[in-house]
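Just so it is clear, the structure is predicted and the values come from calculations on it, not from any experiment. Start at 1 and go down the list; that is how both ligands and their atoms are numbered. We're numbering straight along the sequence, starting at 1. Hydrogens, waters and symmetry mates are skipped; everything else that's a heavy atom, side chains included, is used.
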Amino acid sequence: MKKIGILTSGGDAPGMNAAIRAVVRSGISAGLEVYGVFNGYEGLVNNNIRKLERGDVSDIIIQGGTILGSARLEDFKLVEVRQKAVDNLMEHGIEGLVVVGGDGSYRGAQALTEMGINCIGIPGTIDNDIDSTDYSIGFDTALNTVIENVDKLRDTSSSHHRCSVVEVMGNRCGDLAIYAGLTTGAEIIITKETGYDESEVLARLRHFEEVKRKRHAIVIISEKITDVHLLAQKISQHSGFSGRATVLGHIQRGGSPTARDRILATQFGDKAVQALVAGEGGRCVGVVEEQLITIDINEALQLPKKTRKPLFDLHDRLV
Ligand code: F6P
């Protein structure tokens, strides 16, 4: 193998740039030419591909976002669309590809591998919803962004005897909510795993206010569960707290990556290059109990959902 490519796909995540840097520099150190594909799978199909040198990735380890751009391309499911991508890669002589993204991106990587281009996936998503790895690139930075904002909301909630309902991202994975809830001492955490019962939430808030005499309350809730503004209104109507809702939104996707994300991305990038050099394809990298691993993409996509029950139980004991 002489030439490899790299693309970032799906929602961007802080640390993707650190992964790009690692792939480019590890690749060059291994004697390869490394090509950047711009705007995810779209760039493969449109032949938006350019050779990257060591200097092209200088200074990006500290930057959020992705210098390659990212996109979601539904049409990549179509074999004729993927064939265009394969033709473009072959035209450049690119035989291996590193794909940084979430599970949708992994499916594209698997399909391309089956069409003759060895692909290695790197988990890059703030949602941490990839079950083959304990952590994905971007999760730690997003979590720290949530913590910083919830800490601020706590100050003002306390001054005004309010309950702050904070909606965090996660795309049906509750990791951001549970980790943020534990690290900010939130009173209530609501995710897909806990389920949502409005009257129970209101009863618990009344208990915090009337029995535990709390001056404020924080409710952290995953997106796509309920309308948080309506919930805040109900809290004002049915508890002693005045309710306010904050949707943190895309602020969680930005910012300079934390040390943890930079290290993870650097290790993942290097591991992915090693896998390609070893002739592997259709695999993805991950970290499991502090060990770097690679696993078959098909297997990774079929793993059962990780349960966070021990973390919820811990939260319940401490609140
Ligand atoms: O997958 C990352 C993520 O930020 C999810 O948490 C969220 O549901 C989704 O992407 C938002 O997508 P978009 O940026 O396309 O609005």
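- Contacts between Gln252 and ligand 1, counted as non-hydrogen atom pairs separated by less than 4.0 Å, are absent for every part of the residue.
- Using a 4.0 Å cut-off to heavy atoms of Met169, the atoms of ligand 1 that qualify are 4 (O), 6 (O).
- Atom 16 (O) of ligand 1 has His250 NE2, 3.2 Å as its closest protein atom, hydrogens excluded (heavy atom only).
- Using a distance-only test at 3.5 Å, with no hydrogens or angles considered, a donor-acceptor pair links the side chain of Lys306 to the main chain of Thr133.
- Without hydrogens or angle criteria, Thr156 side chain to Lys152 main chain gives no donor-acceptor distance under 3.5 Å.
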Check step by step if side-chain contact (heavy atoms from CB on, under 4.5 Å) holds for Asn88 and Leu44.
-> CA-CA 7 Å; Asn88 288 334; Leu44 271 190; 5.9 Å; no
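- The part of Asp127 lying near ligand 1 is the side chain, judged by heavy-atom distances below 4.0 Å.
- Just one of Asp131, Asp103, Asp175 meets the salt bridge (charged side-chain N to carboxylate O under 4.0 Å, His left out) condition when paired with Lys305; it is Asp131.
- Interface atoms of ligand 1 facing Lys224, defined by a heavy-atom separation under 4.0 Å, are 8 (O).
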Take Val168 and Glu223 through the test side-chain contact (heavy atoms from CB on, under 4.5 Å) and record every step on the way to the result.
-> CA-CA 6 Å; Val168 299; Glu223 64 179 350; over 6 Å; no
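- The nearest protein atom to atom 15 (O) of ligand 1, hydrogens excluded, is given as Arg72 NH1, 2.7 Å; this is a heavy-atom distance.
- Some N or O of Gly170 is nearer than 3.5 Å to an N or O of ligand 1, by distance alone.
- A side-chain N or O of His92 and one of Asn47 form a donor-acceptor pair less than 3.5 Å apart.
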